[in-house]
Amino acid sequence: MCVAAPMKVVEVGEYSCVAEIDGVRKSASIIALEEVKVGDYIMVHAGLAISKLDPASAEETLRLMREIVATEKRNDEIH
């Protein structure tokens, strides 16, 4: 399964950026997007930033992803 994750941009270079999610920082290509700035939220898939997100949408997506992970952990503990 392929999943894109919202990440917050913390550094920007000419063709790439460093983005963060829950304290984990990863480099991502930004060649597919225009005008990426520090503080922007981007969707990253396989090392490529594929779109920008407004902060509310990014936070809601992250909340839902964290809820899914927590549910999976609880289910693993039960079985």
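A 4.5 Å side-chain heavy-atom check between I42 and K8 finds every atom pair outside the cut-off. Side-chain contact between V44 and I50 is absent, with no heavy atoms from C-beta onward closer than 4.5 Å. In this structure, the side chains of V18 and V9 stay at 4.5 Å or more apart for every pair of heavy atoms.
Between E77 and R74, none of the side-chain N atoms (NZ, or NE/NH1/NH2) sits under 4.0 Å from a carboxylate O, so this pair counts as no salt bridge.
Shortest non-hydrogen contact noted between M65 and A5 is CE-CB, 4.2 Å. Between A49 and A32, the shortest heavy-atom contact is O-CB, 3.9 Å. Residues I30 and S16 share a closest heavy-atom pair of CG1-N, 3.6 Å. Listed here is the closest heavy atom pair of A58 and P6: O-CG, 4.0 Å. The minimum heavy-atom distance linking V12 with V38 is given by the pair CG2-N, 3.8 Å.
Residue I78 belongs to no hydrophobic cluster, having no ILVMFWY side-chain heavy atom closer than 4.5 Å to its own.
In the hydrophobic clustering of ILVMFWY residues, with side-chain heavy atoms under 4.5 Å counting as a link, M43 and M7 come out apart. Put simply, Y15 and L48 are part of the same group of oily side chains (I, L, V, M, F, W, Y) that touch within less than 4.5 Å, one to the next.
Put simply, the side chain of T71 gets close to the backbone of E67: a donor and an acceptor are under 3.5 Å apart.
Between the CD1 atom of I21 and the NZ atom of K26 there is a distance of 11.0 Å, given to the nearest 0.5 Å.
For residues 31-41, the set of pairs meeting the side chain to side chain donor-acceptor pair (under 3.5 Å) definition, not counting sequence neighbours, comprises Y41-E59.
Summarising the local packing, CD1 of I31 is surrounded by 12 or fewer heavy atoms from other residues, nucleotides or ligands at distances under 6.0 Å.
With sequence neighbours excluded, no residue forms a side chain to side chain donor-acceptor pair (under 3.5 Å) with E20.
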